Structure formats: structure tokens, C-alpha cells
Protein chains: 2
Amino acid sequence: MRATAQRSGGGRPTVLDVATMARVSTGTVSNVLNRPALVALQTRERVERAILAPGFVPNRAARTLVTGLTATVGFVVEDLENSFFLDIARGAQTYGEAVGTRLLLANSDNTAVTQRGYLRLLGTEHVSGMLVAPVRGTLDDLRQFRAPGRCVVVVNHDAGGDFCNVTTDNERGGYLAARHLLERGRRRLAFAGGEGIAPVVHDRLRGVVRAVREANGASTLEILPSADVEVEDGRRLGVAIAARPPEARPDGIVGAADLLAMGLVQALETEGVGVPAEIAITGYDDNRAAWNSRVPLTTVDQMGEVVGEHAVRLLLSEIDEGVGHIHRHVVIEPALIPAGQHRALASGAPRPSG
Amino acid sequence: MRATAQRSGGGRPTVLDVATMARVSTGTVSNVLNRPALVALQTRERVERAILAPGFVPNRAARTLVTGLTATVGFVVEDLENSFFLDIARGAQTYGEAVGTRLLLANSDNTAVTQRGYLRLLGTEHVSGMLVAPVRGTLDDLRQFRAPGRCVVVVNHDAGGDFCNVTTDNERGGYLAARHLLERGRRRLAFAGGEGIAPVVHDRLRGVVRAVREANGASTLEILPSADVEVEDGRRLGVAIAARPPEARPDGIVGAADLLAMGLVQALETEGVGVPAEIAITGYDDNRAAWNSRVPLTTVDQMGEVVGEHAVRLLLSEIDEGVGHIHRHVVIEPALIPAGQHRALASGAPRPSG
DNA sequence: CTGAAAGCGCTAACAC
DNA sequence: GTGTTAGCGCTTTCAG
């Protein structure tokens, strides 16, 4: 017996039990289960009673065996620690529930080999398709892994023509953030992040550039390059900015991500620069890890739950359509979240258990 | 065809295909798959070649159908947003992988009804057992749900005698935190959190009390009650403390949780009280959401990954032992993490994707 | 050591 | 409308 094994439960009732109890055949039981319309009301009720009484639950393995169908999709997540992906998972789960699909979560932990392991695991046996938020630079893995009958929808990456994918409009998000600052009278904008970090960051910057350009010279734009978009990157930039003479500082900064923005705020405050009085700062992510910042941050919500829902949608239609399927890309609109107005969490009251 | 459906893949090779290709019977193929020792080396190699060639993968549904075994356990998590639980999940996953068990993650989102839904979902069909980090006050649900052949291991709660469970030693954690402060010369300790919040908090307080008692009058202890252990609770306390005359302030505070401690630090600093110069503060959790605090926090690591591993261990033995099983409780020792020395994450480089 | 054959529990034709 | 029946792909006796 494998260490992981378990008897499916000695005497669990089967269709046959239900059938004899209801004095019908197994076929009829199967029909009330799957196509109740075909069964006369009277017998149906009898069967339903015979189902409820002993708490009959159809054996999914048997059903899968005969139908070749699974009601489960997998979601291989680049990094579950990032609240954006958790939001996506939640959205996928909620939508999936509504249409009778389970969601199997797997955490790649930002590691290509872990991701590959899960792809194989899920792909070969468990699921009828998968969502993947791929670890950076692993698109080829996905391509290679895919096969007829193993659909993959890519999340948060533009995967070119040969995958369905759902992304968020980072250009628009950057634009929204910059507009927010411009509308509040800021005229010396900066973008903190540097363009080489990741495509999404580059897109956010493009949006900022557009907003500034539309301001028709009313505002300038400076780029503050950083190595990454973590807290320390922000702190480093903040120190550098504080060291400048006040006139040489920007008065509004679009941070490429919340953590970076958070670091910026921390450093500026420590150095005695007022936020947002002297410099207003926006983030990007609505990252839970930044919710606890002392100075609440204006940020851009990437609508993770919506992303998740659409990803499942795409996956299910790809599965349904089969070979004739044509890949679609859906792009989700982000939304600006003014400081302190985080969207409500789907969860109940927080708990001090951790 | 159900929306979630998928043909299992038209012409995937079966044991029969492999058997004919290797010129043996299906029984032999099955043997090389499951009990290779029984098969003559020569035939085994022939069969193995016939398996590899067309990329044969055994159909799990069929196997489950005949054996009644599943290689999957579920983990119903109170709140995946809390990095402690994510650590537990990671530990469970890693250990499970090593012994050939998959981990199905489900997020209760702190909601009793969601949790109940997943219990039913997983319990009835998918898994051979489950880990549950229960939403507060739902132990009865668990009890009621359980049945022969549906093992449940409770995580992070003391579930009394009728469950296996794994918890962390909160009393010891509180003790460690208090000792840390005492050893650094603090003599007017306080515990921020209040005892009524949750059993775990109460236990942490007990540990603090013990440490202070052991100091034999060298230190006093004050309790700073709060409604919860979130950032705002900490801020509120911080403001209150800063308002006192300096001599009336504690010089060391054990926070009941990292977020609370973080709020404390923020408020004290804002009010001009030096941390840790005037007041040293410890947290509890090693919560990722507090890693970005401007002042790094000494905290207590609850060893989530270890918890996860042991939980899976317990579950698998409960499954194996069957009816004769006697419930066990395992308690994990926490570890003090001096400020800024967070344990290394299992993950690779962070990504700016979110 | 290997082959033959009997199901696991369910669904889907196809009869009636 | 309902009953009968033939498998889905695999494992596992039981003979040989």
C-alpha cells in the first residue's frame, strides 16, 4: 500500500445500492444524476430519496474513467506570496465554483524547475486544462509542454499568438497614475523603476510618458532607474532624491510597484522630505504587503479577481472548442485606488492566528 | 458536455497498447509499473521501452477506481493571505512531494461557509484526507464532517482529544521574545495584545509572564490590551504610550503579532519616541507583511514549513493506521529571529510581475 | 515468472 | 420512460 493510500471507504453506497433501494435500474439512477429531465417525476423523486438516505456520492474516479472528463483545472502560480496572484486565484476559484469546476493550486515559488514539475504533474493526469502564471523566461517550457488535449491559458504575460492569455493593461495603469498626479497639480513628474526590469514595468512607464506628453509641456518627466521594484530599491532612490536641492526634486513620483513606492516614502520621510506635501507618490499593485505603510499610498488595482475569472473562461472555451480553437487575448482594465481606499477584501474579519 | 469537460485525449496509449507492443500481457505491464521486482529483468526492460516510446502515462482515474486509493490530500486554509499559512502549505507540499502525495489547496478566506463548502467538496470525492487550518469557531463543523475514511488533521489549533493536530508552542515563543528583551537590559516590559483575542495570543502572554517571573523582580510587566492584533491596534497603543511621561513608559514591548508591533513602531516614531533606543519592540509571526517595516523587527518564527510537514506526516499515518488509530498532537518549537535576520525564502529571485 | 480474466463504479447506447 | 448491457483503463487474484 502506498504511503499515500486510502481505501475509498469500505461500504460506501454505489449506484447499484441506490438503484435497488429505489427499485429501478442503475441506468435510471445515472439519468436522474446527469439528465434528470429524462426521468418521470415520480421515479425521480423516489430515486432522489434513495440517494439522500444513505448519503450516496457518485465515485468521481469511475465517472472520469468512463467519460474521460475531469471537472478540475489547475493553476500554476509563479508566486503565491504575491497578493496579486492570490487575487487571481480567488477569482478563478469563485468563477470556477459557479460553473462546477474545481481549482487546483500549485505554487512555483518563482522557480522554473518547480513550475516544470507541476506542469507535468497536473498536465499528465489531474486536470482538463491549466492556468499558468509563468515564472519569468519559461514560456518555452509551456509551449513544449502543451499538447492536444492539454490546454494552457497564460496569465499575466503576453504569450504571443499561440496561447490564450489574459493580461492587465499596464500602459493604462501607468497613465492613470500619472494623470492622478497631474490632476493634483504636480508638474515635475518622475517614474521610479527603470524600463529594463520587466515588460510590465516598461508598459507602465509608457503610460506615464503618454500622460506627460498629453499635458503639452505643462509637466516634465524624469526616469529614476532602479535595479528592481522591491522596498530596498525604493529606499535607495528616496535617499538619492532627498540629497538633491529641493528645486531639483520631482514633486510627483509614479512608483513602478507598491513595495518600491513604500520604500521611497520611508526614505523620504526619514530624510525629512514631506510626503505627499513636497512629493506625492503613487504605487502600483494594490499589494497587500504595502497596505500597512504608515502613509497610505495611492495605487493601481490590477483587478486580480477579474483576471482569474476571465482566465478560467478562456480555458473552458478552449477546452470546449477543441482543435478548431482560435486563441484569444483579453486585457483587463486596471483601476486607480486613491490613498487609503483599498477595495474590500472578500474575506471576513482578520484573525490573529498566524 | 459539461462546461468543464475534456476528452481524456483521443488516442492516448493504454496498458494494452504497451502490452502488445512489448509482447506481454497487461498484467505484466502493471507489474513492472507497480511491483517491478516481480518481473524478470529482460522482460522488464522490454516493457519499459514500450512504455517510454509512446509516452505512456497510466490513467489515474482507472487506477483510483480499482484500488480505491488517491494520492492527494487537501489543505483547507483559513487564510492564504497570511504568510504563516502559506509557509505551512509549502512545507506540506514539499514533504508530500517527497512521498508521492499531491496537495490540493483551498482558501477559506476566513469564512465559515466557504470552509464548509471545501470540506464537503474535498471530503466527498477528491482526497484521501485533509489538513485543516480551521476558521475560528468551526471545530464542530470539522467534527461533524469527519467520518470513517475521511481523516482530518487540524493545524494551528488545539482540537482536543479527537483530532490529530499540530500546533506551535506559543507559550515558548512568548517566553523567547521576553527573554530577548530582558537579556538586552530591558526592565519595564509590556505585552501588547490583551489576552482575550485568541488562545494563541493568550499562550504567548503566558510565556512572557513566565520570563518576567523568572527574572525575580528584576523586571516589571504591564499588559497593554488591544482589540485585535492588526496594524491599527498597534498604532493606537503607540499613540497612547507616547502620550505618557517618559518614566511611565515601558522600555520593552512584546507585541502579540508582527502587524501589531509594526503599528506600534510607526506610531512611536511618529510621536518622536526612539525605537529601539527608548523602547525595544518584538513581534510574533515573521509575517511577510511586516518585512518591509522601516525599522526591522525582532520576531518569532513559527516554523510554518515544519508545521506543514508534520501535519502531512500525521495525516498519512492516520490514513495508514485506519480504525485503530490513536490521535497524536505535535507541538513545534518556534525560533527567535533577531531583527533583520529573516529566514531565507525557499523561492528564487523576486519578480516585479504583480 | 507470466498470462488470463474478473471486476472497480459509473455512463451511454440501445432495446423494450 | 426505463431496463440491459458493454465497456472506460487499470490492478490483482489465480492458474499455469
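Lettering of chains follows the sequences in order, A, B, ..., and the numbering in each one begins at 1. These figures come from a predicted structure and were not determined experimentally.
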Out of D:dG1, D:dC10, C:dG9, which nucleotide sits closest to the side chain of A:A40?
-> D:dG1
Under 4.0 angstrom, heavy atoms only, what part of the nucleic acid is B:V39 near: base, sugar-phosphate, or nothing?
-> sugar-phosphate
Measure from CG on B:L38 to C1' on D:dT13 and round the result to the nearest Å.
-> 13 Å
Proximal nucleotide (of C:dC1, D:dT11, C:dG3) relative to the B:T43 side chain = C:dC1
Among D:dT11, D:dC10, C:dC10, which nucleotide sits nearest the side chain of B:N59?
-> D:dC10
Side-chain touch B:V132/B:F145, heavy atoms, less than 4.5 angstrom | no
How long is the line joining CG of B:N31 and P of D:dT12, in whole Å?
-> 9 Å
Within the distance-only criterion (no hydrogens, no angle test), does the side chain of A:S317 pair as donor or acceptor with the backbone N or O of A:R313 below 3.5 angstrom?
-> yes
To the nearest angstrom, how far is A:L16 atom CG from D:dT2 atom C1'?
-> 16 Å
Using whole Å, report how far CZ of B:R12 lies from C1' of D:dC10.
-> 13 Å
Does B:S30 make a side-chain N or O approach to OP1 or OP2 of D:dT11 shorter than 4.0 Å?
-> yes
Phosphate oxygens OP1/OP2 of D:dG3: is one of them under 4.0 Å from a side-chain N or O of A:S25?
-> yes
What's the CG-C1' distance between B:L65 and C:dA6, to the nearest Å?
-> 13 Å
Smallest separation among heavy atoms of A:E78 and A:N107, with atom names = O-OD1, 4.1 Å
Just checking B:R23: base, sugar-phosphate only, or nothing, at a heavy-atom cut-off of under 4.0 Å?
-> sugar-phosphate
A:R63 atom CZ is separated from D:dG9 atom C1', nearest whole Å, by 18 Å
Of the candidate nucleotides D:dC10, D:dT2, D:dT12, which contains the atom at the shortest distance from the side chain of A:T28?
-> D:dT2
Search all heavy atoms of A:S108 against all heavy atoms of A:T114 and return the closest pair with its distance.
-> O-CB, 3.4 Å
Could you check which of D:dG3, C:dT11, D:dC10 has an atom nearest any side-chain atom of A:V24?
-> D:dG3
Out of D:dT4, C:dC10, D:dC10, whichever nucleotide has its closest atom nearest the side chain of A:T26 | D:dT4
Looking only at D:dG7, D:dC10, C:dT2, the nucleotide nearest the A:V66 side chain is D:dG7
Please state how far atom CZ in A:R35 lies from atom C1' in D:dG1, giving the value in whole angstrom units.
-> 13 Å
For B:Q42 and C:dC1, what is the distance between atoms CD and P respectively, to the nearest whole Å?
-> 12 Å
Derivation of the ring pair (Phe, Tyr, Trp, His ring centres under 6.0 Å) call for B:H327 and B:H325 | CA-CA 6 Å; B:H327 295 304; B:H325 173 80; 5.0 Å; yes
Tell me which nucleotide among C:dT11, C:dC10, C:dG3 gets nearest to the side chain of A:N34.
-> C:dT11
